[in-house]
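A quick write-up on the structure given underneath.
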Number of protein chains: 2
Amino acid sequence: MTAPSSTADTATVPSRRELNKAATRQAITDAALALLRTKGPGNFTAEEIADSAGISRRTFFNYFSSTDAALASVVHTFLHNAIQQLRLRPAEEPVLESAQAALMALADPKAVAPLAELFTLTQHSPLMANTELQAWDHCREQVFAVARERVAVTPGGEDELYVHALAGSVISCGKAAMEVWFSRRGADLSPESLAELRQLLIDAMALLGAGFNSRSHTMGPERYTPAPASPAS
Amino acid sequence: MTAPSSTADTATVPSRRELNKAATRQAITDAALALLRTKGPGNFTAEEIADSAGISRRTFFNYFSSTDAALASVVHTFLHNAIQQLRLRPAEEPVLESAQAALMALADPKAVAPLAELFTLTQHSPLMANTELQAWDHCREQVFAVARERVAVTPGGEDELYVHALAGSVISCGKAAMEVWFSRRGADLSPESLAELRQLLIDAMALLGAGFNSRSHTMGPERYTPAPASPAS
DNA sequence: GTGCAAACTTGCACGTAGTGTAAAAAAATG
DNA sequence: CATTTTTTTACACTACGTGCAAGTTTGCAC
């Protein structure tokens, strides 16, 4: 065979095994998504996915521990990218701003398209809720790790609570922004829709940074930000 | 038969069938907890639980959809009580204070003892993580419902985001406080330990109310400083 | 190339999960 | 007691997830 490519774009050598594994992995998720589109959530088995991906049932379970896990890889890759963006931010930047910036970088069609499709296809199905929650929680742990590095937590101090609560809240607000966006726009990936997503993410982080005090959340009828036009929903 | 008790504390008549159902339900969770203690998480089957509870395997699945669900009933009852406490708070009270007060009411041995035991027994097991996340998320939905009632959300307005983000953050902070408490004190239910739990809950809500801006969260029930303007926009 | 060791895939088998179904048992009702 | 309704139970069935022992592919050295 020819020598390993000298024009490798990444440091690690992409061996044949790695490529094959990545290819089958992708084939599995593609097959799972296709079945999700055609048959709907919960109406197809692991054997069907494996069959459609051209592998055996046993091999499917070598890659994913369940059918849900195969679908959730979409969420995992998105959140993985988010964490990478977060780690790129300067360490001296406040965590909230870093989170906001990291989320901004992902509010483009390429990144959110698979996520949006998965969301719309499994919107009212409790089947995905499970693995989805796990994915978000996994992301929370990553944010926790990043935050802990920056805050330099003292072993027995009260910083533990600070970092835990901050990481969880950041995830919750990001989740909230996405939920609102999906409920408003569905799978709409137009530039205006994505702009709205970005604004929602900004607003959510701002709410968190302001301690949810930006508006008097008593029963007072006073409204905030008189929202120019667009009463149509 | 004897007439329905006139001293019934609840409006609904506790018929024989209701009592039996409640008894078997309790027997199942007791059996599941006992097996969890003796065999450890993941090392017992649904049939064993049913056997130990004196019922058939099929009946077990009539009550719970999985072994995890049987264990998670502990978490559900705790969170159910928390929600009830939350609903008891006056509607004009800020949500953060209501949440704090509701959690205070549950920081007593009676309520947290089963939760603490379940936590310590399944601490490093991914088996419970699943249903536990679901339980928390279910609680989040309840908090969301309460918050939406109070905030009087306008259909197309930005209040959706506010309520979603607030409910999620409150849950995250409550979760964070409990996680820190468990990691510090384990299953310690002494008065000092519970006092620390209460303080952690207070601090967590204070952090949220202060927008994670003040790092001096060693204070007691002090008022937080009003949050400055939101980050650059 | 040949040979070898490591990895990956595959088929098989096994225990378990969860559900549909119909019959039996128990409780409410007349 | 006879009934009607609800609950439990036994049975069967599909699917899940995993251990195991093959077979197959890849990497590496010679």
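Chain letters run A, B, ... following the sequence lines, proteins first and then strands; every chain starts at 1. Because the structure is predicted, anything quoted here is derived from the model rather than measured.
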Separation of D:dA15 atom C1' from A:Asp68 atom CG, nearest Å, is 13 Å
From the candidates C:dA26, D:dG17, D:dT8, the one with an atom nearest any side-chain atom of B:Thr24 is D:dT8
note: A:Ile28, atom CD1; C:dT9, atom C1'; distance rounded to Å ~ 11 Å
Item to complete: Indicate whether OP1 or OP2 belonging to D:dT9 is found under 4.0 Å from a side-chain N or O atom of B:Ser56.
Response: yes
Taking 4.0 Å as the cut-off, does a side-chain nitrogen or oxygen of A:Asn20 come that near to OP1 or OP2 on D:dT26? yes
From the candidates C:dC8, D:dG17, D:dT8, the one with an atom nearest any side-chain atom of B:Thr59 is D:dT8
Sorted by position of nearest nucleotide on DNA chain C, 5' first, the leading residue of B:Phe44 and A:Gly54 is A:Gly54
Check: Taking C-beta and beyond as the side chain, do B:Leu166 and B:Val170 meet within less than 4.5 Å on heavy atoms?
Finding: yes
Problem set entry | Side-chain N or O of B:Thr45 closer than 4.0 Å to phosphate OP1/OP2 of C:dT16 | no
Taken to the nearest whole Å, CG/A:Leu19 to P/C:dC8 is 13 Å
- [ ] Look at atom CD of A:Glu47 and say whether more than 12 heavy atoms of other residues, nucleotides or ligands are closer to it than 6.0 Å.
- [x] no
Less than 4.5 Å apart, side chain to side chain, heavy atoms only: is that true for A:Met104 and A:Leu201? yes
Just to confirm, is there a sub-4.0 Å distance from OP1 or OP2 of C:dC8 to any side-chain nitrogen or oxygen of A:Tyr63? no
When B:Glu47 and B:Glu18 are each assigned the nearest nucleotide of DNA chain C, the 5'-most assignment goes to B:Glu47
Taking C:dA7, C:dT9, D:dG17 as options, the one with an atom nearest any side-chain atom of A:Asn62 is C:dT9
From the candidates D:dT26, C:dT10, C:dG18, the one with an atom nearest any side-chain atom of A:Ile55 is C:dT10
CG (B:Leu200) and CD (B:Glu179) are apart, to the nearest 0.5 Å, by 11.5 Å
Atom CG of A:Asn130 and atom C1' of D:dC16 are separated, to the nearest Å, by 15 Å
In whole angstroms, the gap separating C1' of C:dA13 from CZ of A:Arg57 amounts to 11 Å
From CZ of B:Arg16 across to P of D:dT7 the rounded distance in Å is 14 Å
Here the distance between atom C1' of C:dG15 and atom CD of B:Glu48, to the nearest Å, is 12 Å
Separation of C:dC8 atom C1' from A:Phe61 atom CZ, nearest Å, is 18 Å
Winner on side-chain proximity to A:Arg58, out of D:dT26, C:dT9, D:dT18, is D:dT18
Taking for A:Phe60 and for B:Arg17 the nucleotide of DNA chain D with the nearest heavy atom, the one nearer the 5' end belongs to B:Arg17
Using a strict 4.0 Å threshold on nitrogen-to-oxygen distance, state whether B:Glu160 and A:Arg184 make a salt bridge. yes
